[in-house]
Amino acid sequence: METDTKNRLGTRILGYRRDDLTVHPPYDFADYRSTQHRHPARPLVLLPHTLSEITGPVFGHNDVQPEDSDLTIQHPGEPLGERIVVSGCLLDGDGCPVRNSLIEIWQANAAGRYAHHVDQHPAPLDPNFTGAGRCLTDDEGRYRFVTIKPGAYPWGNHHNAWRPAHIHFSVFGPAFATRLVTQMYFPGDPLFPFDPIMQSVRDPGDRERMISAFDWSLTTPEWALGYRFDIVVRGREATPFEHE
Ligand SMILES: [Fe+2]
């Protein structure tokens, strides 16, 4: 749904398109326990977009440095684990590139532990790995990260609950209100059928679009395996996004 609104000077401001709610997981998914406590209990009220919501705050591009996209060079030593390249295109609903857009990632280390005080999973922290990176898409909508393949980790949702290895992705868009968040998985993970977060995306075809593809062209001899992950923000081929 498009929304028009006017600012104080009477200039028409075109709102952004709303999400297609059929592709994305529901707000309340019984098997994903914490959704029961945070989902809206009443029907959503769609408010008109406001000037500040549509036009700002705008992320300062000068703050993003080229080395921010390499998660293996943020500390004096190299992190432990399997070095990988993750790259793809950010596309709109018509398959056109989304240029100059901020993409952020965060992830567990190779042992399946986040460098975060809430994560007390008894796996080792890696002093050479923080697990956060960012970059801007180029003129073809491409992004590229160098990182470590994350480990699976237990998460306490139910008995013997383990998350498949994944990397969290945020696509910022032109304003904070347009930010989209999803998770990228690795092909062939045996934990897929047992993961309520992945299974909360109901259509198998939609789930496939959250799984990266092993890619020889991104694989660098003697150095790193490559995985391709394209992100589509709208339309029938949209990547499923989470409710934050
Ligand atoms: Fe995670």
Side-chain angles (χ1 to χ4, degrees), residues 23-39 68-72 74 79-88 102-135 143 145-172 179-202 206-213 225 227-231 239-244:
V23 171
H24 309 296
Y27 286 101
D28 181 22
F29 189 74
D31 289 346
Y32 179 3
R33 251 181 16 201
S34 57
T35 63
Q36 296 169 31
H37 307 295
R38 66 183 186 213
H39 78 274
D68 291 352
S69 62
D70 188 340
L71 286 71
T72 68
Q74 297 174 348
L80 294 173
E82 183 185 341
R83 189 189 297 114
I84 58 173
V85 173
V86 178
S87 182
L102 178 69
I103 296 187
E104 299 164 294
I105 63 169
W106 60 100
Q107 62 168 96
N109 68 21
R113 178 138 178 212
Y114 284 97
H116 190 280
H117 68 276
V118 170
D119 187 351
Q120 295 299 317
H121 165 40
L125 285 169
D126 185 340
N128 290 313
F129 192 72
T130 302
R134 58 183 184 166
C135 70
Y143 71 88
F145 290 102
V146 176
T147 185
I148 293 293
K149 191 171 183 184
Y153 59 80
W155 62 303
N157 182 72
H158 54 277
H159 175 66
N160 216 6
W162 290 82
R163 294 297 330 280
H166 60 276
I167 298 176
H168 297 266
F169 271 71
S170 161
V171 179
F172 199 84
R179 182 175 181 242
L180 298 169
V181 175
T182 191
Q183 299 183 28
M184 183 205 96
Y185 297 91
F186 292 87
D189 196 312
L191 293 170
F192 289 156
F194 308 103
D195 180 39
I197 294 184
M198 185 184 221
Q199 297 302 322
S200 70
V201 175
R202 291 145 292 179
D206 292 336
R207 287 201 292 272
E208 283 291 318
R209 293 198 293 279
M210 300 188 295
I211 305 170
S212 60
L225 295 185
Y227 291 89
R228 183 179 177 91
F229 182 57
D230 292 335
I231 303 169
T239 307
F241 294 102
E242 327 181 332
H243 304 291
E244 286 290 292

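Counting starts at 1 for both ligands and their atoms, following the listed order.
Here 4 is the count of protein N, O or S atoms positioned under 2.8 Å from the Fe ion (ligand 1), waters not counted.
For Phe229 and Tyr227, the gap between ring centers reaches or exceeds 6.0 Å.
Under a 3.5 Å cut-off, the side chain of Asn157 and the backbone N or O of Tyr32 do not form any donor-acceptor pair. At distances below 3.5 Å, not a single donor-acceptor pair connects side-chain atoms of Ser87 with backbone N or O atoms of Arg228.
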Please tabulate, for side-chain N and O atoms in residues 118-125, each donor-acceptor pair with protein atoms closer than 3.5 Å (sequence neighbours left out).
from: Asp119; atom 1: OD1; to: His121; atom 2: N; distance (Å): 3.0
from: Asp119; atom 1: OD2; to: Tyr114; atom 2: N; distance (Å): 2.6
from: Gln120; atom 1: NE2; to: His117; atom 2: O; distance (Å): 2.7

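Taking the six-membered ring where tryptophan is involved, the planes of His158 and Trp155 are perpendicular, since the angle between them exceeds 60° and thus also 30°.
Just one of Arg207, Gln183, Arg163, His166 meets the side-chain hydrogen bond (donor to acceptor under 3.5 Å, both in side chains) condition when paired with Asp195; it is Arg163.
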